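Positions are given from 1 along the sequence. These numbers come from a predicted model, not from an experiment.
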Amino acid sequence: GFNDGEAWTVTNVPVQPGTWNDLMNPSFRGSRTNAAVAETTLNGIHLKLFPAIQITDQNFGNGQRQGGIRVTTKPDLPDGYRLSILATDEQGRELQGWGPNGGGGNYSEQIQNLRAKTLTITVALHKSRFVEFTVKPVKQ
């Protein structure tokens, strides 16, 4: 549901092992994810996409492997704009995620049960869509 100029898709994004620090705190001295795998500009905002991270420093039970995707923006998003991140695995299956979390030019989408070796990631930078409606109370 995004307009042509709002979405950017990158294929074959590598998934690499890492920690929550690698995903959430890229300026951490030991971070292994400082190099972007792709860059573009959408709506005047420069975007950088980093390798997907499969979290190795926590046990999530049931053999699940959490992961995440990080995107940076420069400058930060203007008022009224949102960043959406969608990911699919090698077989084209949409991955369950939540987010993006962040701000200040650094956004991450957490991915549930990440087992892929590479991902196709679509980043959409779009205006927020607001809906206003009025509800009439039911008489009792």
Problem set entry | Transitive ILVMFWY cluster of Leu86, excluding itself - 4.5 Å side-chain cut-off | Phe2
Exercise. Residues two or more places apart in sequence or in another chain: which of them pass side chain to side chain contact (heavy atoms under 4.5 Å, CB included) with Thr11?
Worked result: Thr120
Exercise. Quick one: side chain to side chain contact (heavy atoms under 4.5 Å, CB included) partners of Thr41, sequence neighbours excluded?
Worked result: His46
How close do [X] and [Y] get, heavy atom to heavy atom, and via which atoms?
| X | Y | result |
| --- | --- | --- |
| Leu119 | Ala87 | CD1-CB, 4.5 Å |
| Leu42 | Trp8 | CD1-CB, 3.9 Å |
| Lys48 | Ala36 | CB-CB, 4.1 Å |
| Gly67 | Leu114 | CA-CD2, 3.8 Å |
| Phe50 | Val37 | C-CG2, 4.1 Å |
| Gly44 | Pro75 | O-CD, 4.3 Å |

Problem set entry | Check against side chain to side chain contact (heavy atoms under 4.5 Å, CB included), Leu77 and Tyr107 | CA-CA 10 Å; Leu77 301 182; Tyr107 299 87; 3.5 Å; yes
For this session: Decide yes or no on side chain to side chain contact (heavy atoms under 4.5 Å, CB included) for Trp20 and Gln110, but give the supporting numbers first.
Result: CA-CA 10 Å; Trp20 280 111; Gln110 295 180 39; 3.6 Å; yes
Nearest 0.5 Å please: distance from the [atom1] atom of [X] over to the [atom2] atom of [Y].
| X | Y | atom1 | atom2 | value |
| --- | --- | --- | --- | --- |
| Gln66 | Ile53 | CD | CD1 | 14.0 Å |
| Ile45 | Thr40 | CD1 | OG1 | 12.0 Å |
| Thr56 | Asp22 | OG1 | CG | 7.5 Å |
| Asn113 | Gln54 | CG | CD | 9.0 Å |
| Asn43 | Thr73 | CG | OG1 | 12.0 Å |

Problem set entry | Ile69 vs Leu49 side-chain heavy atoms within contact, under 4.5 Å | yes
Exercise. Is there a side-chain contact between Asn106 and Arg70 (heavy atoms, below 4.5 Å)?
Worked result: yes
Problem set entry | By salt bridge (Lys or Arg N to Asp or Glu O under 4.0 Å) - contacts of Glu6 (at least two apart) | Arg129
Problem set entry | Any pair counted as salt bridge (Lys or Arg N to Asp or Glu O under 4.0 Å), so long as it reaches residues 131-140, sequence neighbours left out | none
Seminar exercise, completed: For residues 73-101, the salt bridge (Lys or Arg N to Asp or Glu O under 4.0 Å) pairs (sequence neighbours left out) are Asp89-Arg93
